[in-house]
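Both backbone and side-chain heavy atoms feed into the values below; hydrogens, waters and symmetry mates do not.
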Amino acid sequence: MDPLQYRQDELYIEDVPLSAVAARFDTPAYVYSASSISAAFRDFDEAFRSHDHLICYSVKANSNLGVLGLLADLGSGFDIVSGGELQRVIQAGGNPEHVVFSGVGKQAWEIQAALNAGIACFNVESLSELQLIDRIAGKLDTIAPVSIRVNPDVDPGTHPYIATGLKENKFGVPAAEAIPLYMRLAEFSNLKVIGIDCHIGSQIMELQPFITALDFVLALVDDLEQRGVVLDHIDLGGGLGVRYNDEEPIEIGTYADAILQTLGHRKHKLVFEPGRYIVANAGVLLTSVITLKSNEETRFAVVDAAMNDLIRPALYQSWQNVAAVKLRHEDSITWQIVGPVCETGDFLARNRALALREGDLVAISSAGAYGFVMSSNYNTRVRAAEIMVSGHEMQCVRERENLDDLLRLEHRFCLP
């Protein structure tokens with residue numbers, strides 16, 4: 001669902017005017033819709049109601065405690081890629097028994113913390129990682145549940161930075177090594193193999209790459225079963241795309257029907273790791289126009305958000321809609337929406353037709369995923385506040401940093 005709508009020329013998120021958010025919490029600010037997050041999760045959950053499944057929200061998409069707590073209350077599991085994300089999940093009220101730990105470079109302290117918390121599964125990506133987990137589990141006198149992430153060499157047709165299932169990518173175990181690695185698991189006395197994992201990328205708009213990857217995984221599952229290795233679950237990762245501009249995302253019902261049809265008679269529990277699908281279109285980056293300027297060729301709208309707040313346009317050349325919070329019934333002008341950071345690459349949107357004046361508010365849509373979590377303090381800029389809206393209510397779920405926050409961990413060097 002789209003939580004944004006104009007009412008009498010003013011842009012609202014749910015039942016709150018974005019101008020009211022700015023008046024109370026200032027800008028720049030990330031603003032999230034609780035009902036949109038809830039609806040996306042429930043739609044995904046409902047689509048697979050006929051089959052045993054677990055939705056593990058991908059924490060890296062948006063790790064705010066308010067977002068995680070909302071999803072925990074809805075019964076979500078969580079997909080983590082660091083010990084820090086595990087701590088966030090626990091602090092937000094998530095159940096560690098519904099946590100899967102992904103990532104190619106898990107550190108010893110992270111593995112130990114996950115074992116102590118009692119997570120559901122480690123998605124393992126190499127023999128050396130299996131050996132490390134086995135050693136740590138042995139020291140703790142426990143058994144570590146593991147799943148092997150396999151790389152199916154499937155092109156997801158997405159941006160190369162977010163494709164993860166090609167053979168040249170760093171992720172997963174090559175196809176030729178998967179079966180031999182599973183057969184070696186009997187050598188490890190502190191590991192229990194419970195599943196298989198596959199994730200081919202993000203922002204995928206075609207159904208066929210998912211089915212091709214699943215066919216690959218199912219062939220391995222059947223082969224392993226013939227060899228006496230019976231798995232409990234199949235983890236299909238995430239990757240469903242969302243609409244930023246004119247894309248046509250896969251409908252969740254169509255996706256579920258295709259997955260279940262391909263699965264056939266098999267009774268394995270299905271695990272999914274959606275992130276962007278749950279939160280992307282639930283959030284906006286709210287920012288104010290500082291100044292309007294032009295040169296001989298170009299008009300610039302300089303806003304108080306910048307590439308340090310939202311890196312996606314500069315990093316991925318991504319397109320996100322920019323809307324005036326209060327519509328002016330004036331002629332639109334084509335603007336480059338840029339920030340104050342000292343980089344020519346500091347742009348949030350190019351060639352947008354808007355009627356703007358200095359001091360106006362604009363909202364950058366589809367900013368709920370990979371927005372705040374990828375922000376930085378470049379140019380010694382404080383990071384934005386995060387606000388959750390539910391109906392008529394708004395609540396700050398992360399306070400805006402101040403300069404003391406940025407400097408408190410640093411120390412002046414004094415010559416001896």
### Query
What heavy-atom pair brings G368 and N62 nearest, and what distance separates the two atoms?
O-ND2, 2.9 Å

### Task
Side-chain contact test, heavy atoms from C-beta onward, threshold under 4.5 Å: evaluate it for L231 versus Y182 and give yes or no.
yes

### Message
Between the side chains of D405 and R383, is the shortest nitrogen-to-carboxylate-oxygen separation below 4.0 Å, so that they form an ion pair?
### Response
no

### Message
Keeping D223 on the side-chain end and A219 on the backbone end, is there a donor-acceptor pair under 3.5 Å?
### Response
no

### Task
Indicate yes or no: at least one non-hydrogen side-chain atom of S102 is less than 4.5 angstrom from one of H199.
no

### Query
If you round to the nearest 0.5 Å, how far is CD1 of I148 from CG of D235?
12.5 Å

### Query
Are there more than 12 heavy atoms of other residues, nucleotides or ligands under 6.0 Å from atom CG of N402?
yes

### Query
Going by atom types alone, do D45 and H53 pair a side-chain donor with an acceptor below 3.5 Å?
yes

### Task
Provide the closest heavy-atom pair for V341 versus A306 in the form atom of the first, atom of the second, distance.
CG2-CB, 3.6 Å

### Message
If the threshold is 4.0 Å, N to carboxylate O, is there a salt bridge linking D304 and R381?
### Response
no

### Message
Looking at every non-hydrogen atom in both residues, tell me the closest pair between V173 and A178 and how far apart they are.
### Response
CG1-N, 3.9 Å

### Summary
Of all heavy-atom pairs linking Y6 and A324, the shortest is OH-O, 2.6 Å

### Query
Which distance, rounded to the nearest 0.5 Å, do you find between the CZ of R398 and the OH of Y30?
12.0 Å

### Summary
Heavy-atom closest pair (L348 atom, A305 atom, distance to 0.1 Å) is CD1-O, 3.8 Å

### Query
Taking atom types as modelled, is there a side-chain donor on S33 or E14 under 3.5 Å from an acceptor on the other?
yes

### Task
Please report the C-alpha distance between L65 and V397 in whole Å, then the side-chain angles of each, then the deciding distance to 0.1 Å, and finally whether the side chain to side chain contact (heavy atoms under 4.5 Å, CB included) criterion is met.
CA-CA 7 Å; L65 293 180; V397 289; over 6 Å; no

#### Entry: Enclosure of R49 CZ (heavy-atom neighbours >12, cutoff 6.0 Å)
no

### Task
Please answer whether the main-chain N or O of V230 pairs with a side-chain N or O of E225 as donor and acceptor at a distance below 3.5 Å.
no

### Message
Would Y316 and Y370 count as a ring-ring contact (aromatic ring centres under 6.0 Å, His included) here? Give the steps.
### Response
CA-CA 11 Å; Y316 299 122; Y370 305 107; 8.0 Å; no

### Query
How far does CD1 of I278 sit from CD of E273, to the nearest 0.5 angstrom?
12.5 Å

#### Entry: Parallel, tilted or perpendicular: rings of Y255 and F272 (30°, 60°)
perpendicular

### Task
Answer yes if the side chains of Q203 and Y244 hold a donor-acceptor pair under 3.5 Å, and no otherwise.
no

### Message
Is it the case that the side chains of S375 and N308 hold a donor-acceptor pair, with the cut-off being a distance below 3.5 Å and no angle test?
### Response
no

### Residue Q395 excluded, over 12 heavy atoms near CD under 6.0 Å
no

### Task
Answer yes or no: is there a donor N or O on one side and an acceptor on the other, between the side chain of E110 and the main chain of Q107, under 3.5 Å?
yes

### Message
Could you tell me if the side chain of L70 sits less than 4.5 Å from the side chain of Y32, heavy atoms only?
### Response
no

### Neighbour count above 12 (heavy atom, 6.0 Å) for E248 CD
no

### Query
Would you say the side-chain atoms of Q336 pair up with the backbone N or O of R350, donor to acceptor, closer than 3.5 Å?
no

### Task
Check the pair S288 / I290 against side chain to side chain contact (heavy atoms under 4.5 Å, CB included), numbers first and verdict last.
CA-CA 6 Å; S288 303; I290 299 173; 5.8 Å; no

### Query
Hey, does the side chain of S38 reach the backbone of A34 with a donor-acceptor pair shorter than 3.5 angstrom?
yes

### Message
Counting neighbours of CD on Q131 that are heavy atoms of other residues, nucleotides or ligands and sit closer than 6.0 Å, is the number greater than 12?
### Response
yes

### Query
Are E85 and K60 within salt-bridge range, i.e. N to O under 4.0 Å?
no

#### Entry: Least distance between heavy atoms, S126 atom then V124 atom
O-CG1, 3.4 Å

### Query
Are any of the side-chain heavy atoms of S76 and H98 separated by less than 4.5 Å?
no

#### Entry: Heavy-atom side-chain contact between I90 and P96 under 4.5 Å
yes

### Query
Would I234 and L263 count as a side chain to side chain contact (heavy atoms under 4.5 Å, CB included) if you check the C-alpha gap in whole Å, the side-chain angles of each, and the deciding distance to 0.1 Å?
CA-CA 10 Å; I234 298 172; L263 186 67; 4.1 Å; yes

### Task
Measure the spacing between CD1 of I337 and CD1 of I364 and express it to the nearest 0.5 Å.
7.5 Å

### Task
Find out whether L4 and L18 are in side-chain contact, i.e. whether some heavy atom of one side chain is under 4.5 Å from a heavy atom of the other.
yes

### Query
How many angstroms lie between atom SG of C56 and atom CG of D79, to the nearest 0.5 angstrom?
7.0 Å

### Task
Using a 4.5 Å cut-off on heavy atoms from C-beta on, say whether the side chain of L181 contacts that of L127.
yes

### Task
Could you check V279, I252, I55, L240 and say which one makes a side-chain contact (heavy atoms from CB on, under 4.5 Å) with P274?
I55

#### Entry: Validation row: K139, N190 side chains within 4.5 angstrom (heavy atoms)
no

#### Entry: Point-to-point distance, once rounded to the nearest 0.5 Å, from CD of Q5 to OH of Y12
9.0 Å

### Query
So, R135 side chain and I133 main chain: donor-acceptor pair closer than 3.5 Å or not?
no

### Query
Between the side chain of R400 and the main-chain N/O of D26, is any donor-acceptor distance below 3.5 Å?
yes

### Task
Please confirm whether the backbone N or O of V59 pairs with a side-chain atom of S63, one donor and one acceptor, at under 3.5 Å?
no

#### Entry: cation_pi(K106, F122) dist<6.0 Å, angle<=45
no

### Query
Is E247 reaching over with its side chain to a backbone N or O of M205, donor-acceptor style, under 3.5 angstrom?
no

### Message
Assess the residue pair H51 and I259 against the criterion (side chain to side chain contact (heavy atoms under 4.5 Å, CB included)); give the C-alpha distance rounded to whole Å, side-chain angles, the decisive distance to 0.1 Å, and a yes or no.
### Response
CA-CA 11 Å; H51 194 94; I259 294 295; over 6 Å; no

### Message
Using only atom types and a distance under 3.5 Å, with no angle test, would you say the side chain of T287 pairs donor to acceptor with the backbone of V303?
### Response
no

